[in-house]
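Notes follow once the structure below has been shown.
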Amino acid sequence: MPLSFKQRVFLCVAKIPKGKVMTYKGVARAIGHPSAARAVGNVLNNNPHPFYGSAKKGKRLPCHRVIRSDLKVGGYSGQARIKEQLLKEEGVNVINHHLDCSIYIRS
DNA sequence: GCTCTGACGATTT
DNA sequence: GAAATCGCCAGAG
């Protein structure tokens, strides 16, 4: 049985290396649904393993590394501020509320 | 099976 | 360049 849409999103986001970010569109295309960027956002919203609240274990999902195609931070369960902070901590340059285009992975 | 929602995307104003 | 509008897809009720 093929993995669910949310499972694919989960795995794809988990593969994003530290210090790099991926767009919702990129993730959507990576899992075979180029126009399902919105659905990807839904999955992350329902993501059971938030990054900022996890102590250890590999079950954490670095959803903060997923940004909008506009290079904007996007949302984060109502705490977009935390997301931006985490990105900065990982070496991502945020310029005028826009993320550095040189660290964004295009598939 | 239909309708509403949403951490989006691209285009137009 | 920013804001508003329409279109998009997968989940939940």
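Hydrogens, waters and symmetry mates are skipped; everything else that's a heavy atom, side chains included, is used.
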Would Val43(A) and Ile16(A) show up in the same hydrophobic cluster when neighbours are defined by side-chain heavy atoms closer than 4.5 Å?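 Yes, Val43(A) connects to Ile16(A) through the hydrophobic network.
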For the residue pair Thr23(A) and Tyr104(A), establish whether any side-chain heavy-atom pair is separated by less than 4.5 Å.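 Yes - at least one pair of side-chain heavy atoms lies under 4.5 Å apart.
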Is Lys72(A) close to His98(A) at the side-chain level, that is, under 4.5 Å between some pair of heavy atoms?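 Heavy-atom side-chain distance check passes, below 4.5 Å.
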Return the value, rounded to whole Å, for the distance between atom [atom1] of [X] and atom [atom2] of [N].
X        : N       : atom1 : atom2 : result
Asp70(A) : dT12(B) : CG    : P     : 16 Å
Lys72(A) : dA7(B)  : NZ    : P     : 16 Å
Leu61(A) : dA7(B)  : CG    : C1'   : 12 Å
Leu44(A) : dG11(C) : CG    : P     : 12 Å
Lys83(A) : dC8(B)  : NZ    : C1'   : 11 Å
Leu99(A) : dC8(B)  : CG    : C1'   : 15 Å
Gln7(A)  : dA10(C) : CD    : C1'   : 14 Å
Ile31(A) : dC8(C)  : CD1   : P     : 18 Å

Is any NZ, NE, NH1 or NH2 atom of the basic residue among Arg65(A) and Glu90(A) found under 4.0 Å from an Asp or Glu carboxylate oxygen of the other?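 Yes, this pair counts.
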Among dA7(B), dG9(B), dG6(B), find the nucleotide with the atom closest to the side chain of Tyr76(A).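 Per side-chain heavy atoms of Tyr76(A), the pick is dA7(B).
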From dA10(C), dA12(C), dG9(B), pick the nucleotide closest to the side chain of Asn42(A)?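 From the listed options, dA10(C) comes nearest.
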Does [X] put a side-chain nitrogen or oxygen below 4.0 Å from OP1 or OP2 of [N]?
X        : N       : result
Arg68(A) : dC8(B)  : yes
Ser69(A) : dC8(B)  : no
Lys6(A)  : dA12(C) : yes

Which part of the nucleic acid, if any, lies within contact of Phe5(A), taking any heavy atom under 4.0 Å across all strands shown: a base, the sugar-phosphate backbone alone, or nothing?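 Sugar-phosphate contact only - Phe5(A) comes under 4.0 Å of backbone atoms but never of a base.
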When all nucleic acid strands are considered with a 4.0 Å heavy-atom cut-off, which category describes Ala39(A): base, sugar-phosphate, or nothing?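 Answer is base: heavy atoms of Ala39(A) come under 4.0 Å of a base.
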What about Arg38(A): does its side chain form a donor-acceptor pair under 3.5 Å with the base of dG7(C)?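 When only heavy-atom distances are counted, Arg38(A) does reach the base of dG7(C) through a donor-acceptor pair under 3.5 Å.
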Distance-minimising heavy-atom pair for Lys83(A) and His64(A):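 That would be CE-O, 3.5 Å.
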